[in-house]
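Following: one structure in structure tokens, then a few remarks.
Since the model is a prediction, treat every value here as computed from it, not as a measurement. Protein chains get the first letters and strands the later ones, always in sequence-line order, with residue 1 at the start of each.
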Amino acid sequence: MTMMITRKFQAVALAAAITLTVPACGQKSGVASQVVVGGVPGQVAADGSIVPGTTAADGSAVGVPGATGGVTGGTPTGGGSTTGGGSTTGGSKTTPSGTGGGGEAPPATAPRSGGGDTTGVTDTTIKVGIHAPVTGAAAIPQQSFEKAVGVYFDMVNKKGGINGRKVEVKFEDDQFRPDTARARCKKFAEQDKVFLIIGGAGADQIDACARYAASASVPYLSAGVHETRPGQAPLSSLSTYFALSLTYEQQTPLLARTYKASYNGQKVAVITADNDSLDNFHGKAVGAIKAAAGSNLAYERRIPKNTTSDAPGIAGEICRSGAKAVVWNASPSSLLNVAKVLTCKVGFIGPGLTNGLNIVAEVGCDNIANARFYSPFPGMDVMRRNAEFVNAYKASNGGSAPDDLGAAIYGVESLVGMILAATGKDLSRESFMATIGKVKQFNNGIYPPTNFSSRFGGTAMHLLRADCSKSEFVTEKVNVRP
Amino acid sequence: MAILEIKDLVVGYGAFPVLHGIDFVVEEGEVCVLLGLNGAGKTTTVTTIAGLLRPTSGQVLFEGSPLGRKPPSSRVKSGISLSPEGRRVFPRMTVGQNLKLGAWSQRRSPALVKRQMKLVLDYFPRLAEREHQIAGTLSGGEQQMLAVARAMMSNPKLLIIDEASLGLSPTLARVVWEATARIASDGTTVLMVEQNAGALPFADRALVMEKGTLIRTAVGEDVKNLDVRAAYLGA
Amino acid sequence: MSAPTSPSSEAPDATLDLPTVEEELWSAPEDAESERFRPSRAGWFARGALWAVLAWFVLAFPVNFLSPFTLGVSDVSAASEAAIFAIVGLSLNVLLGYAGQISLGHQAFVGIGAFTSAYVVVNLDLAFWFAVAVASTLGLVQAAVLGAISLRLTGLYFALVTLAFGSFAQQTIFAIPKLTGGEGGKEAPRPALFDSDYRYYFLCLAFLAVVLFLDWRLTRSKAGRALMALRENPRVASSYGINVKAYTLIAFAVSGLFAGLAGALMAHHDEVIVAQKFGFNLALLFVLMTVVGGLRSRSGVVIGSAFFALLGSGHLLELLEPLTTNVFRFSLHDFLTGTIGLPIEFVALVVGPILLLLTITKYPGGIGQQIAPIREWMLGHRFDIHAGKVKEVEVDDVRA
Amino acid sequence: MNLPLYEQLAIALTAGVLRGAVYALVALGIVLVFRGSGVFNFAQAEFGTTGLFAAYWALTVQGWSYPVSFAFGMAVAIALGLLTERLVIHPLRDSSRVTLLVGTAGVALAAIGLQFWLFNETLVMSMPKIHDGYFTTPWGAIVTMQELITLGVLAGGAALLALFFRSPSGLAIQAAQQERVASELVGISVRRVSMLTWGIAAALGGLAGILAGPYLTFSAGFLSFGAVGSLLPGFMAAVLAGMRSMPGAVAGGLLVGAIEQLSSLEVFAESIPGAGAMILFVFLLVVLLVRPQGIFVGRAVTA
């Protein structure tokens with residue numbers, strides 16, 4: 001993950017929402033259980049909140065999965081140009097099962113739940129686990145995350161759930177450590193018995209958990225990260241893993257294009273963290289930039305994962321190389337540390353999932369002014385106009401305004417919700433994963449549309465730019481395809 | 001008038017009493033020698049007077065007022081100065097620095113400190129020659145002189161010297177005692193703790209202690225007639 | 001303490017009915033009187049009952065046997081971690097408690113053990129048992145080498161050497177991707193037989209028992225007695241002809257052995273082991289749990305270490321939560337995370353140092369001292385609330 | 001970038017000396033406490049981090065001006081030093097030195113715990129510099145104004161400290177350590193002197209923390225083992241100074257900084273991960289085994 005906020009500390013402790021696991025315990029932490037009684041019965045189309053730009057760029061109506069004929073039309077829509085009506089969504093020809101009306105019929109070719117693994121699914125609930133770092137070396141602010149988790153499912157539950165099932169979200173803090181992530185995911189799978197697991201942030205944690213999930217046959221979904229790790233099977237070979245956005249490797253052509261568009265003919269540097277999971281990315285990025293820049297590729301380097309005392313040296317070398325653009329894939333605190341001591345003006349370009357990017361902009365401006373990063377979700381300038389998201393976020397959080405972490409988690413949750421809905425009433429792990437493979441496109445209007453011809457379903461990224469007058473990343477372009 | 005008055009003083013370490021209620025006075029301007037064998041309770045008596053130990057019961061009165069629980073620092077300020085057993089000079093400092101620190105309670109007037117230093121070094125000319133020498137490198141006798149000189153730097157009304165002659169040759173011991181006698185003749189009251197009866201000729205008053213009690217007191221001419229052996233044997 | 005002059009003290013049965021060194025240290029006033037004391041029948045029964053409860057708690061409760069509670073894999077995994085921490089605590093106790101040397105780089109010994117074991121299993125494709133043996137041996141060798149160097153220094157400088165060693169291990173050794181698997185960590189699979197978390201728990205318990213036994217033997221051996229004598233009075237002890245350096249070196253080696261073993265168990269417990277785990281904070285936590293447990297008290301160190309392991313993983317609070325909410329109508333969890341905003345992850349980090357400072361200033365015997373009366377009673381002695389009183393948390397450098 | 005070796009060396013040494021100024025400030029505090037109380041103070045660096053956090057809080061959360069925030073940070077650092085003396089050092093004054101070491105390590109951990117707790121929600125912490133300027137040396141190393149200010153504060157602080165140690169109060173600090181009973185007897189309140197020692201040491205730590213904070217982003221444990229980890233280098237500098245000499249601590253700090261930065265030379269950086277830590281470890285071993293009495297010992301007696 002590009003945007004890993006690194007702190008050098010390894011927390012001693014483990015999980016945040018631990019009390020949840022004790023049956024005898026009456027207290028639940030705020031994040032966790034989102035079972036809400038009431039709401040609108042029937043199916044919910046994951047529609048209604050399409051950001052205008054997204055829909056337009058994509059050109060296709062939202063693929064409403066699952067049996068959603070009888071959509072309740074009451075969903076508020078943002079921006080005014082979205083697919084508001086039930087018929088629009090329900091009638092979309094991209095709907096895989098193609099079942100209008102009743103919504104009871106399962107996808108034609110999906111395995112019957114009788115024959116599948118229905119762990120974590122009852123007639124009325126689906127249990128889902130999310131892990132992300134809220135303490136530890138590169139934590140995402142805990143409150144921000146706790147507010148973000150479950151916002152989407154909360155909203156869906158109020159409307160009656162997905163195919164009649166309420167989604168119960170369990171959240172665990174992975175402390176930004178792969179070993180903890182694995183342990184938390186093991187807890188999800190073996191003790192909490194969740195249906196599927198969502199990786200919230202952190203490439204190495206996602207990697208560790210994805211590998212475990214595959215061994216335990218639990219579906220695992222996350223934003224796209226790296227594709228390979230030396231000495232390990234590639235992520236694409238994991239039987240239960242799905243990347244919901246472009247991987248770092250897939251984004252290298254985008255980076256080269258951005259360089260060419262903004263810095264053509266100027267010197268450029270490629271800086272990548274020396275995590276071995278980024279070996280493949282680094283090679284491809286250097287290759288792509290070399291193809292685009294030729295001899296203007298002035299400098300390339302792997303830097304320590306927690307760049308601290310090395311920052312002045314790295315900054316000095318960047319400036320001496322004469323680079324005007326830096327392709328950057330390392331933690332945000334490393335970025336800030338290097339940017340803080342730069343004595344020349346450079347523009348940063350980077351791939352990736354950029355959780356908490358706005359915090360970087362807040363702290364790092366003007367040093368990172370006009371930095372451009374790809375992201376699976378659009379900037380808050382767009383997301384704030386998404387009324388459904390804003391309302392759902394406020395409803396879950398006592399009226400507080402959403403931040404970009406809220407958008408990130410909401411985006412991934414709604415995409416997963418969409419797939420769950422598309423799978424239909426007969427929900428099993430097999431039918432769920434078969435649905436991912438079969439449905440041509442999922443488009444929740446936040447993440448770029450997906451197309452799972454492989455484990456990596458991303459088709460495009462949004463491009464964000466650090467706007468120092470607003471101290472946040474703004475959306476420069478949506479749905480940029482490689 | 002008695003400058004120092006000890007009333008029924010009981011001092012103990014933990015549960016073990018060392019002093020079992022002693023009474024004595026020291027008159028202003030005199031030299032008083034506190035005699036006794038090892039473990040008689042002499043050092044306990046003077047460290048209690050200096051404030052390093054707290055009495056279990058009883059009182060120490062200085063110039064007529066009880067000292068109570070005053071810490072050593074304020075006792076120095078009010079005029080009681082102790083040159084401790086074993087000298088305890090600051091080993092990694094020069095003689096001059098040792099003396100300056102002796103005037104710590106007077107440190108707010110450098111002029112006064114300077115004058116006092118000159119005065120004190122007059123008593124101990126040997127130290128004057130060694131003002132810049134590191135104290136830890138002095139000989140035993142010189143260290144003892146330094147300890148007394150340092151105690152004098154606070155310009156005390158009552159100077160207490162614990163075991164000045166310990167480990168010194170008879171000649172050197174005499175030098176120290178003579179200096180002490182001069183200090184007393186210049187107006188400072190002196191209370192000396194000694195095992196060595198050789199100090200008696202310099203004394204105006206002698207007290208003999210044994211096993212935590214005072215067994216004999218002699219004043220003036222009686223001091224010369226004090227049978228020390230008898231005193232030590234408790235006869 | 002008498003000097004270990006009798007050659008027969010090495011024989012296993014020669015010292016059988018003498019109190020252990022530890023007991024001698026902790027409960028000075030017993031001896032003759034309590035030798036005569038024999039508990040009544042009811043007394044034996046009560047003691048037996050308490051032993052049974054203890055055995056149930058350690059052996060049956062975690063695996064849901066004869067238990068009204070249901071613990072999951074994650075809970076029993078936390079229990080395994082507690083057992084591993086106990087081994088680390090005992091390792092540090094040998095160094096800090098017996099040899100009077102503080103190690104601020106103990107996380108490095110444990111970490112090197114962990115990665116060694118993982119490397120042997122994964123890269124060399126050798127058996128788990130062999131890997132554990134290699135990790136332990138490597139721990140022993142490392143500690144002995146560092147110990148040999150430190151013998152030329154005074155105790156405080158040794159703390160610096162371990163601090164530097166810890167940071168060297170962390171930043172240099174643990175940054176070798178071949179050894180540690182890089183940022184993503186190194187896989188450390190368990191042997192097939194102990195793949196289940198329940199079984200792995202018993203494996204850790206078994207190793208803990210072995211370590212306890214070895215530690216007990218050490219304190220009763222000639223070396224252990226020599227170290228104790230050194231603690232009591234170094235000058236007297238060396239005048240008896242005790243080879244201070246040799247025995248201190250033995251203590252180092254034993255400590256390293258335990259640390260390496262704990263590391264190996266930790267690796268295969270986590271199954272994925274990452275370098276991030278072995279930071280300076282872990283070193284401080286190790287010192288903290290050992291001192292709070294009570295130096296030179298085996299039972300205290302085990303309890304202290306397990307306490308901090310469970311506190312750190314949040315499982316202790318989780319276990320207490322039903323109690324506090326139902327009995328006191330007070331949710332500790334909500335109080336911590338909500339009212340005062342302290343994440344569960346940081347409870348050990350905030351509470352631990354306070355306990356440490358309280359221990360060294362007020363209760364130098366640590367937990368070991370607090371439980372001494374109960375322990376003595378359980379061992380068949382008269383109940384004495386003053387058993388095991390300690391005045392100072394003596395951690396003098398034995399060579400000072 | 002393939003710079004010739006001598007240029008690499010020049011850049012590394014410049015960076016090392018600048019960074020060494022922070023180490024030297026920490027080392028001065030360590031030496032002071034050791035001379036005053038005979039304690040290896042493992043909390044020295046955390047005095048700095050705590051001061052930095054306080055200054056950061058005052059500046060960014062409270063919105064106080066830079067000088068006020070700086071002063072507030074210093075006050076908090078000094079308060080922590082005094083608190084340490086009262087709650088840990090004084091009660092343990094008759095304990096062994098290893099026990100005292102454990103005590104100071106406990107203080108460090110407590111400070112780190114508090115920092116984590118109170119600032120867990122702040123993702124990235126960054127303190128603005130006093131002055132944003134910089135210039136480039138002829139051999140290409142970048143020198144920031146902030147680093148120069150630190151160097152200047154070090155020089156000023158060391159000079160003041162040297163003067164202070166000749167003053168009566170400075171003598172009293174040393175006297176109290178050399179002869180506690182005699183100090184009491186000449187009227188020095190050993191307690192107050194001990195507070196003074198810890199207060200000054202904490203102030204030195206605070207300076208190190210608040211001045212080094214703006215170099216980089218920071219987080220809990222910043223000055224102990226974080227971005228500017230100065231605990232070990234500070235101790236190494238103190239060892240080079242024989243744990244006694246103040247000028248030695250300054251020289252030692254600068255030297256340790258320079259030696260550590262050798263790791264940025266291409267020969268090391270390319271082949272050994274974390275070469276800095278390895279170089280420091282080896283250097284410490286060599287110094288302790290070959291010259292345990294220190295190198296920059298100077299006139300060890302009274303400064």
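- Heavy atoms of D/Pro292 lying under 4.5 Å from chain C belong exclusively to its backbone.
- When all heavy atoms are compared, the tightest approach of D/Gly106 to C/Pro353 is O-CB, 3.5 Å.
- Rounded to the nearest 0.5 Å, atoms CG (C/Leu156) and CZ (D/Phe40) are 4.5 Å apart.
- Chosen from D/Ile279, D/Leu289, D/Leu118, D/Leu114, the residue pairing most often with chain C at heavy-atom distances under 4.5 Å is D/Leu289.
- When heavy atoms are compared at a cutoff of 4.5 Å, C/Leu284 approaches chain D by way of both its backbone and its side chain.
- For D/Ala202, the side chain to side chain contact (heavy atoms under 4.5 Å, CB included) partners two or more places apart in sequence, or in a different chain, are D/Phe47.
- Ranking C/Val351, C/Ile173, C/Leu342 against chain D, the residue ahead of the rest is C/Leu342, based on heavy-atom pairs under 4.5 Å.
- Judged purely by atom type and a 3.5 angstrom limit, C/Thr172 uses its side chain to pair as donor or acceptor with the backbone of D/Gly274.
- Nearest approach of C/Thr361 to D/Pro91, heavy atoms of both residues: CG2-CB, 4.1 Å.
- Nearest heavy-atom pair, D/Val98 versus C/Gly100, reported as atom, atom and distance to 0.1 Å: CG2-O, 4.1 Å.
- Within the 4.5 angstrom heavy-atom criterion, atoms from both the backbone and the side chain of C/Ile149 approach chain D.
- Taking CZ of D/Phe225 as the start and CZ of C/Phe280 as the end, the distance is 7.0 Å to the nearest 0.5 Å.
- Only the side chain of C/Val287 comes within contact range of chain D, with heavy atoms under 4.5 Å apart.
- Residues satisfying the salt bridge (Lys or Arg N to Asp or Glu O under 4.0 Å) test with D/Arg291, not counting sequence neighbours, are none.
- Residue contact with chain D, scored on non-hydrogen atoms closer than 4.5 Å, is absent for C/Leu355.
- Within the 4.5 Å cutoff, side-chain heavy atoms of D/Phe42 are placed close to those of C/Leu163.
- Taking CG of C/Leu357 as the reference point, atom CG of D/Leu109 lies at 9.0 Å (rounded to 0.5 Å).
- Distance check, rounded to the nearest 0.5 Å: OH of C/Tyr157 to CG of D/Leu285 gives 14.0 Å.
- Along residues 77-88 of chain D, the residues that come nearer than 4.5 angstrom to chain C, judged on non-hydrogen atoms, are D/Leu87, D/Val88 in order of number.
- Shown here for D/Leu284 and C/Leu160, the closest heavy-atom pair between the two residues is CD2-O, 3.6 Å.
- The CD1 atom of D/Ile112 sits 7.0 Å away from atom CG of C/Leu349, with the distance rounded to the nearest 0.5 Å.
- Checked against side chain to side chain contact (heavy atoms under 4.5 Å, CB included), D/Val190 has the following partners two or more places apart in sequence or in another chain: D/Ala176, D/Arg180, D/Ser183, D/Glu184.
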